[in-house]
Number of protein chains: 2
Amino acid sequence: MAQTPKMVYQFDEGDARMRDLLGGKGANLCEMAGLGLPVPPGFVITTETCRAYYDAGGRFPDGLWGDVQSYMSHVETSAGRGFGSADAPLLVSVRSGAPISMPGMMDTILNLGINEQTVHGLARLMNNQRVAFDAYRRFVDMYGRIVLGIDGRVFNEILDHHKAQAGVTQDQELSVDQLRGIVTDFQAAVRREVGAEVPQDPWQQLEGAIDAVFSSWNGARAITYRNARGISHDMGTAVNVMAMVFGNLGDDSGTGVLFTRNPSTGQRVLFGEYLVNAQGEDVVAGIRTPQDISSLSQVLPNVYTELEGLANGLEAHYRDVQDIEFTVEAGRLFVLQTRNAARAPQAAVASAVEMVGEGLITREEALARIDAEDLASLFVPQFQSTEKDRAAPLARGTGASPGACAGHVYFDSEAAIAASQEGINAVLVRPETDPEDIGGILASVGVLTSRGGVTSHAAVVTRGLGKACVVGCEEIRVDLQAREFVANGRTIREGDQISMDGATGEVFAGLIPTFQPDLEQQEDAQVVLSWADQSSRLGVLANADTPDDAQRARAMGARGIGLCRTEHMFLGDRVPLVRQAMLHAAEAERWLQQPHDEGAPEPIDVREYRDALAQLHKLQTDDFIGILRAMDGLPVIIRLLDAPFHEFMPDHDDLARELEALSTREMPDAEVEREIQLLKLAESVIEANPMLGHRGCRVGITFPMMYDMQVDAIITASIQVQKEGLHPRPEVMIPLASHVNEMTWLRQRLLAVIERVQREASTEVHCPFGAMIETPRAAITADQVARESDFFSFGTNDLTQMAYGFSRDDAEGKFLRFYVETGMLPTDPFVSIDPEGVGELVRIGVEKGRSTRPGMEMGICGEHGGDPRSVTFCHEVGLDYVSCSPFRVPTARLAAAQAALRG
Amino acid sequence: MAQTPKMVYQFDEGDARMRDLLGGKGANLCEMAGLGLPVPPGFVITTETCRAYYDAGGRFPDGLWGDVQSYMSHVETSAGRGFGSADAPLLVSVRSGAPISMPGMMDTILNLGINEQTVHGLARLMNNQRVAFDAYRRFVDMYGRIVLGIDGRVFNEILDHHKAQAGVTQDQELSVDQLRGIVTDFQAAVRREVGAEVPQDPWQQLEGAIDAVFSSWNGARAITYRNARGISHDMGTAVNVMAMVFGNLGDDSGTGVLFTRNPSTGQRVLFGEYLVNAQGEDVVAGIRTPQDISSLSQVLPNVYTELEGLANGLEAHYRDVQDIEFTVEAGRLFVLQTRNAARAPQAAVASAVEMVGEGLITREEALARIDAEDLASLFVPQFQSTEKDRAAPLARGTGASPGACAGHVYFDSEAAIAASQEGINAVLVRPETDPEDIGGILASVGVLTSRGGVTSHAAVVTRGLGKACVVGCEEIRVDLQAREFVANGRTIREGDQISMDGATGEVFAGLIPTFQPDLEQQEDAQVVLSWADQSSRLGVLANADTPDDAQRARAMGARGIGLCRTEHMFLGDRVPLVRQAMLHAAEAERWLQQPHDEGAPEPIDVREYRDALAQLHKLQTDDFIGILRAMDGLPVIIRLLDAPFHEFMPDHDDLARELEALSTREMPDAEVEREIQLLKLAESVIEANPMLGHRGCRVGITFPMMYDMQVDAIITASIQVQKEGLHPRPEVMIPLASHVNEMTWLRQRLLAVIERVQREASTEVHCPFGAMIETPRAAITADQVARESDFFSFGTNDLTQMAYGFSRDDAEGKFLRFYVETGMLPTDPFVSIDPEGVGELVRIGVEKGRSTRPGMEMGICGEHGGDPRSVTFCHEVGLDYVSCSPFRVPTARLAAAQAALRG
């Protein structure tokens, strides 16, 4: 027969390495007990037992209760008190403690063991009746809420009623008798609500509390929290049972929290708060204002000295900044908890560098303990904090793209673009955005929408651009006709100023100044990232479409541009040119592909088309010159036009209305004719499923002159930059191939263009030619596609859409959020790459591609490139680089190092 | 050094097995020469040489010309004439001949070797100046067109001019001098057109002709033909050079074509035509009416007897019906060609059965030589042929779904449905159709659209339904306002009768009676299919959604229903009920998923929702009862609701207009309120990419009561049918899963429904639960999905869309047709499964699925299931069955046997 695993550990039986089994809190309590620190006696029920509890359908596994009873007797012995003893009663706390910290997410019960008898013994021990009955009152409240599931308002109402009757406002002002009365009323309320009462038997209390902690693992709050952080639902929680100590026995008692270093800046000083004559929950309740920890050196100098030694010892032992909870009971210090401190990203970086300097940890340990995700927040614009503290939010939505911004409100792209051209900071406010709004988004410092979630169009685009964005802000009502929005009774008109925090989702009225942190100003981060680069195998490139972005990417340490999209170069003031080209494209391309006599006159369509393309060619050449200059010496992977035509067209309904209006006015025929043509074109490019439609290289193959023009501009620009003595490194990337034949055809045609431009300029420019792997078929047939590709870049956004059959635009509101929140999907596959499905396609693509072309260079571009978990996947699957938004480059650099160090 | 392969074969050097190298025609000429049959002397240039010609950039490979010259000297010897000899000139024909027959697709040049000198020698040999000069005239015409690329109208105009001048209407009436004048004018025209002339040197003529035949392999016509048939572009053509024989030397000369059996019925009689004193091209030109082959027995009895012996000999030798071309030159019989006869499917089946009966071939050979694709055409409605022969088409479009139909024209679904309810055969005529029209399509006997191609909505849906469909009929102009269409000047109004042939694309005015062939009437086909079933490993099931379809499927030999779609059951007169359910679904499902007190009153949304679902439940139960009865003892795989909600909604714009109209009229508030709700709902279900949106099991998970209702109806129906003493075998299939968790969740929920219904009825019904594998991710993670699935059915339509990233609705007109026509894609992946990409996903799905659940039953459903090449793939990949439209079941049964026999 298999031996039953050990279910309960006394504190001195475990250590910090047993985090998975004992939870973070329990493992640390054991570790401290092992170090001989003053931890109250207690024990831990393992996470394994929690899983067994669920396997048994929510019942204690066999043997658990016996173990708990025998371990309680050890605690009684150590504490010198008896559980349920009328004379010297032992009270205990029962707390949850998962392997991964989930602050505030699960439940705690204090003062357990108190009842009508023991409360008197406690009063005698404490020499304080009021404190004893207050503890009883608090216990009934907590047990009622947590174990019996009673709405906390029931107890609050009773308490308020008693305070009103007594004519007092503070809990501490209640007398012993009043507290007795409250306990009686609480018990009556419990009977009324659930037809039972809070048990008098301490053992029954304990059983209920342990059961409640196990249950809280699968409470709604805890599940939501784990979903949001991508934490597995399978681990279970440990249960910590510990003798209570009391910080509310007089002025030589108290309770406090301290950090061994400043958690905001990383500065090496004790940092924390202390409250005299109080229990921990008083600190949390915020009724009395705690004092700075340094005050303790005056009040209880011996305790303060002991605490200093203890803090240094724990930091040295754990080799990381500690977050310590302690209580002083009648002049005696107890440590209740220690853990690695949660720190602002700034502080995490600073203290990591400092600790390496102190020789406390190695560089590799420093890299491992900084949260790569958090690092990104250092590089988005931030409020000058004192200003923000003064403002109260006007409304609150979902923070969709971090960073602060401030500017004037505009309700459509045209207005935002016009404002931005006058040098005004615009904030685009819309019910929601669509691809038509890209010009307005580009022209704005931030975007606010009343609808949509974190994967809505606005959210996705702004995250890519590193611009602030708040979505789903249902507290505002946008009135596009009136050009205003109303938020909680206040009206904001077009042109008024607002400020927003894209991390917290807060929206403020008026201007709050912001500043843009820069890697060069962040010396500690620079140090950490230089270590990171030494440890990583994976290179980090950036996605950048403009010279400014390219410069920023370079400053952030990008080793090149992994994705230069050319769509944006077709928008804004270039739209009329693009439309001119599109109006004639079909006819012109057909004529050009047919044989015709030398010198035959070209039809008007061809001439108009050539003219528009020539003008676009000039503009594109300038675009590429700027980008290639900024990335001198580094690769720039340029993706040819990917967008479907309809993205460049006016809205069909608008156009139809405009046409109707035109028809009633006196107008030159030519103008009406052009509108009719545009209407027909707009109609012809409507697609049922544009995501799977006429886009990517399908446009380049059916309208080859477009791609010819782009490639010509790339090579022309490179030759120009080369003449300036610089070293341009352009690469041409083909989007959305699904069959090798598409690559064969385009490669042959476009290499001919490259050769022609070089020949005409009598110069050579090296320009690799590769494929973006973003359809499942391209991944599955990568061995074939590799025959015609010098490199691969996996486009995991589209690959995710097609592998799941999820349209990103549609899925979010309709079912994806539901899937993620209920755990139907372990994570949002658009945020973090799905390793089993989409990732498997990448793995197949890598293996098959390199089977044809050993050592072929491969990377990914798109948002996954800036997500630490996805970066780890890319490292493991053998990619050469990831490419992400410039402001996420530090995150990716660190994540790449962490992946290498783990592997 | 590698030896140069043999490039030229004299006829007696090859045989019929060398088809790949010598082409079909050449190999058969060699075979006949080897059999000692009277074949004129000649030789074949190999297909390998053609490929070498292309590899060399369109030049003769080294050594070819020398070989041709030396083989010509053998021909001169055999024929006893000299190439270019003024006295006894040898003329030759030069013809193409590919390994696969491509009738009429490539080029032939006759009378080659004729010039100003040899024409006189020929006249003397023939004793007929007119015939000689006529041959010369024809040669210049042919050479000018084929080798020099001159538009044939140039020659026709000259000929017409001369005939007008001479006052004659027939070519044969032209005098020798007139023919001379024509040749002179022809040569002048050639000089004018191309600045060269038809060479006088016979060797130069020969070189040009061989080059032209090679080139014709990649001519536009040939490429289009090969694309349409899925023939590889890599094979190349052989070139056959053969001494000319003349059937136009008098009444003891002539030319003819014969089949060894009747090609329409398979009856065993000589069947063919003979034209006295004529060359082969006269037969083709159709100027003179040929006589029945039997007439030859009177005219030239010896030749007829010789021909009979030859026909029997060839059929016995080739063990298949032969299609023979022959010429009689002055009483002497020459065989010019023999090949396996192209036959009407009817005849192919009949003669195969007959030949097995005669012991000529084995059953396996019989199965191998019937074209499975053709077999389908036996089972669609057909015109009573004599009627059709009398009518001239009104217009011609693209035949998109075979079968004939006749009915009254209606221009929208409502009208078609109304007509059909009155028992009128409706033909739906639209510019194009969309999913809204499904009701109209179901109610009609055929669909005609002026736009769209063979993968348009109308085409796809009708093929699935086996209904006649003509698409892209640009000759008709549909005027929906006027409710009429105009075709070539003739106006057809709503209610008028038309008839259509969905195979040929012909549209006729008026009614042409049709009849529906049935497997039971097709005795020969039944025999063949019973042999097929004995040879196959793959089972054939059918897609059927109604009891009628189910009955038909069974009659066609389906072994069950592989895909019973429930979408259609939500359409037609049930739409109001479905909309009622949808109006309340979101609110109701939310309320139902929350905990609430026992006995709490249900909100109105829940009641309305339950009410609509209850009514749908009753209707669905009846649907399933009918189907399960029809398929007594056979499996019926029922796919739960897959369609996105918007398919059940009225058009949003229509609704908005209706609402506007309502608002100006006096109306009960409730009605306006309902319209407003519908409008909001219609707005909320609009999706950017519905194909990748809120559909399939995503609907079943977010609105679980819908699936509960369907599963309840399935089990309730099964229990009812079981009570009748029958053996229902329902299976539940979940559409569009992409993650195993979706299956886990639904399985748990729906098995509980099944158990409840069984418990309530105290009866058991076996009901397997499986997944439709149609997202790439489901295939890639099939090992996980298989944990929760009793069976898999690969939905290769959606899998193709997602693997390629092609929206079927959008791709066709925008780029897919272009891709297929230019060979960018080897075949249309929606017609025949793409083995390398989509097929690889299926292969991965099969392997991974069976790694979890060995022996797991797997099949495919969707259109690929009725495509013979795809059936072969399914056999090879180890599937258990294919499921296809009922009328394609015979095709699939035969294809399954052919796949097994090949493997």
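Hydrogens, waters and symmetry mates are skipped; everything else that's a heavy atom, side chains included, is used. In the text below, chain A, chain B and the rest are named by the order of the sequence lines, each starting its count at 1.
Listed options B:Asn689, B:Leu799, B:Thr744 were ranked by heavy-atom pairs under 4.5 angstrom with chain A; first place goes to B:Asn689. With chain A as partner, the option from B:Pro776, B:Ala778, B:Ala779 having the largest number of non-hydrogen pairs under 4.5 angstrom is B:Pro776.
Of the atoms belonging to A:Phe806, heavy atoms from both backbone and side chain fall under 4.5 Å from chain B. Heavy atoms of B:His739 lying under 4.5 Å from chain A belong exclusively to its side chain. Using a 4.5 Å cut-off between heavy atoms, B:Asp798 makes no contact with chain A at all. Neither the backbone nor the side chain of B:Glu774 comes within less than 4.5 Å of any heavy atom in chain A.
If you take CE on B:Met691 and CE on A:Met691, they are separated by 13.5 Å, rounding to the nearest 0.5 Å. Note: B:Ser807 OG to A:His694 NE2 = 12.5 Å, rounded to the nearest 0.5 Å.
With contacts defined as side-chain heavy-atom distances shorter than 4.5 Å, the pair B:Arg777/A:Asp834 qualifies. For the pair B:Asn741/A:Leu825, no side-chain contact is recorded, criterion being any heavy-atom separation below 4.5 Å from C-beta on.
Identified by a heavy-atom distance below 4.5 Å to chain A, the contributing residues of residues 696-705 of chain B are B:Cys697, B:Arg698, B:Ile701, B:Thr702, in residue-number order.
Shown here is B:Glu474, whose CD atom has no more than 12 heavy atoms of other residues, nucleotides or ligands within 6.0 Å.
With sequence neighbours excluded, no residue forms a salt bridge (charged side-chain N to carboxylate O under 4.0 Å, His left out) with A:Glu589.
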